[in-house]
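Data first, discussion second: the structure below is written as structure tokens.
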Amino acid sequence: MKSQTISLCMIVKNEERTLGRCLESVKGVVDEIIIVDTGSTDRTLDIAGQYTSNLHTFMWNDNFSDARNFAAQFAKSDYILSLDADEYLDPESKHLLLEPLTADYYFLRIRNSIRSGIVDTHSFIRLYSRQKGFVYQGAIHEQINFMDFTEASSASLSVYIIHDGYEKAIVKNKDKHARNMKIIEEELKKDSTAFGYFNLGNQYKSIGEMEKAVNAYSKSYQLDPNMSFVPKLIVYLTQALKSLKRYDEAQRILEDFILLHPTYTDLHYELGVLYSEINYWKDAETAFRKCLSLGEVTHHLYSSMEGVGSYLAHAHLAELYIKWNKLDLARDHIIQSLLQNKLHSASLRLFLETCINLDSRNILNKLASVYTLESVEEARVLLQALYHLRNPVFALLSESFKHDLNEEMIAWMHQVEGQLEQAKQIYLNSELVNARSLREILYLAVLTEDVEFLDNFKHQFNLRNKDKGVLLKIVRREEIDKAEVSPQLAQYLEELFYDLLMLRQYDVVEYFMKKVNEPMIRYELSGMLYKFHFSELALQSLAEPQQAADKAKVYLLAGDILNQLEMFGDAYEYYNQYLALNRSDNFPVLYKIFELAQKVGDVSIQKSALEQMSGITPKSAWANSSFAGGLL
């Protein structure tokens, strides 16, 4: 028998989607349920009535604290548990609420589902003594006034609350952004607090207003740099700065705060992400390895993105090793990532990328070593990833889940199985053709040389007439000696070449090799052949263009292909030709030259490359320490 009683207090509005799930989760744990409705127009009150008769209404006044304090006045138990309708108690940990409770208030751990496989966790006071006199403060992102009770005792309780209300579709449906922004702005007019500006920054960041987010976070920090949320503020601030490409500023802030919070893994993770974005690969590797050594964040005062000390760091390391063509190392880290979170779709896509040339049965066997293919949840994640990557393993796995496939997936399965006319009929009869469908439509038109089929959809392609003319020539298998390749056309070609190689349509690839002489079309083909490790064919596909910017792109790709073929001297020459044409973003190419020099033992070139890298901003700790300390 437990030694205390607990009242669940909730405020709700139009929560029919999740309220039942929440109330089911507290069965056997709470002694009474108090629900305050703020104006529901759906089945919320009917559902609530199935669990409690303690129902009340509150006239909404844009103040969450007022509503929560109104609910609390009806509680009669020793402790009050506060939950939202889009939350529920984790069944594996909720039993801890039955253990004796002695503190005045407790931090519980909240797992916020952001999107598939991505979870942010933080601790928050959700359980507190009713008789102590705590009240909620703040119109939004409200919290109890524990700071007013200096003698009150606190503790952490490893009870997890699962929350899915931050998932984008749900936020959009409930129009949370507009509601929250209005409340925060009104609150700041009354009282300019650090917490208020932190919340304002979060709202601006969530709608992509990054400059405004940076300004709000900066004001918050200036008002009080010692608030408990400041470490998370720094994470969000640097994320906003990165999106604005203010890398040097973000780097300096992260490095300063790592000195203050050396065990907060999220700071090291964000530094690793920054280095990855600017292709400082050695620095990124160091940062993500540090994340793994620190592990997941467990301190209750830190808000953390789940995985920064485990599967996310492994995934980033795998991505780095793929760029370095160290596929065995990449696979090791991807397997570790997937074993720690099978539902992390980005890791799954990386895993499949390392298996890009394997046959379908071999890939399926490798997946079976990680996944339980009989699990519906795991199989659905696999199907989505396989479809996204146009991997033919999709057809093998989808047999048991045909009832879950949408129209596009069925059409694509026909393509995999060579039933091209059936696939075309689906698109001809569909009213839901979108940008993703156009990729499949182009593939089908090219494979069947069907101009009429493509004509049915030509107005939906976001292309100039010149670009559409190029596609028609491709469908007819005509010679192409010269053509302008816009970025939009290049994107369609890149996807087409990927699909042709993934489904092993080598006869069409041969057409491009023999009859298409436009350098930038051949560049797109070469890049995809290189991705699929057909390096010699990729090299044969390259042709030199006229424009300097195009030449630079071709020279860089030629260097990468020659590097993969271990023709290091030739690779070095092409990298240098690229540097002669390109005056910015040269750090990754200088690093490639450094690696080449290491392989052939040319110390002078190593030193020259290091010296140049050490002078580039943002500063590379690896390059500067290596140059200052001499070569190992």
Side-chain angles (χ1 to χ4, degrees), residues 11-15 18 38-39 60-68 82 84-87 110-115 118-126 136-144 161 163-225 227-246 249-250 253 266 270 273 302-305:
I11 57 174
V12 298
K13 180 181 178 181
N14 293 336
E15 304 287 2
T18 57
T38 63
W60 182 243
N61 64 347
D62 285 341
N63 191 302
F64 283 90
S65 285
D66 288 351
R68 292 207 187 277
S82 179
D84 290 331
D86 53 10
E87 299 173 335
I110 301 172
R111 300 181 79 247
N112 296 296
S113 175
I114 308 301
R115 58 185 182 276
I118 300 296
V119 175
D120 189 86
T121 61
H122 69 275
S123 294
F124 210 76
I125 300 170
R126 290 299 193 88
Y136 276 97
Q137 292 179 335
I140 192 168
H141 301 300
E142 63 285 358
Q143 48 192 324
I144 66 166
I161 297 171
H163 175 223
D164 68 6
Y166 287 153
E167 293 184 6
K168 287 184 177 179
I170 298 167
V171 171
K172 183 177 180 181
N173 287 341
K174 299 186 75 172
D175 198 20
K176 284 186 176 181
H177 292 314
R179 178 202 69 188
N180 291 354
M181 189 71 79
K182 177 186 174 185
I183 296 173
I184 292 168
E185 288 175 340
E186 289 298 320
E187 187 82 351
L188 283 171
K189 288 178 184 177
K190 299 174 187 174
D191 188 10
S192 296
T193 64
F195 190 56
Y197 276 109
F198 173 59
N199 290 328
L200 182 65
N202 293 341
Q203 288 304 309
Y204 280 132
K205 182 173 176 287
S206 66
I207 60 175
E209 295 277 357
M210 296 303 177
E211 287 284 2
K212 291 180 179 179
V214 168
N215 291 335
Y217 289 137
S218 299
K219 285 181 181 177
S220 174
Y221 183 76
Q222 289 163 9
L223 283 169
D224 194 339
M227 296 294 286
S228 61
F229 57 78
V230 164
K232 194 63 176 184
L233 179 151
I234 296 303
V235 168
Y236 291 157
L237 170 61
T238 53
Q239 287 175 349
L241 288 169
K242 281 185 294 182
S243 71
L244 295 168
K245 302 191 183 303
R246 290 160 63 176
E249 190 176 348
I253 291 171
D266 294 62
E270 291 303 326
V273 171
Y302 283 138
S303 171
S304 177
M305 184 162 66

Determine yes or no for a side-chain-to-main-chain donor-acceptor pair under 3.5 angstrom, with [X] supplying the side chain and [Y] the backbone.
X	Y	value
T38	V12	yes
T18	A85	yes
Y217	N202	yes
R126	S82	yes
S218	V214	yes

Report summary line: Across all chains, not counting sequence neighbours, the side chain to side chain contact (heavy atoms under 4.5 Å, CB included) partners of E187 are A139
Query raised in the report: Side chains of N112 and H122: donor-acceptor distance under 3.5 Å anywhere?
Result: yes
Requested in this report: For E249 and L244, run side chain to side chain contact (heavy atoms under 4.5 Å, CB included): C-alpha distance rounded to whole Å, both residues' side-chain angles, the deciding distance at 0.1 Å, then the answer.
Outcome: CA-CA 10 Å; E249 190 176 348; L244 295 168; over 6 Å; no
**Report entry** Side-chain heavy-atom pair D62, E186 within 4.5 angstrom cut-off
**Finding:** no
Query raised in the report: Is any side-chain heavy atom of D120 closer than 4.5 Å to a side-chain heavy atom of K232?
Result: yes
Would you give the length of the straight line joining atom [atom1] of [X] to atom [atom2] of [Y], rounded to the nearest 0.5 angstrom?
X	Y	atom1	atom2	value
L223	K219	CG	NZ	9.0 Å
S113	E87	OG	CD	12.5 Å
F124	S303	CZ	OG	10.5 Å
I140	I184	CD1	CD1	4.5 Å
F195	Q137	CZ	CD	11.5 Å
M210	R246	CE	CZ	12.0 Å

Query - D66 to N61 - nearest heavy-atom pair and separation - result: OD2-ND2, 2.8 Å
Report summary line: On a heavy-atom basis, the closest approach of G201 and A213 is O-CB, 3.6 Å
Query - Residues that K212 engages under salt bridge (charged side-chain N to carboxylate O under 4.0 Å, His left out), provided they are two or more places apart - result: none
Test of understanding: with side chain to side chain donor-acceptor pair (under 3.5 Å), list the residues that count as partners of [X], not counting sequence neighbours.
X	value
N63	none
Y221	none
Y236	none
S304	D266

Requested in this report: Assess the pair Y136 and F64: is the distance between their ring centroids shorter than 6.0 Å?
Outcome: no
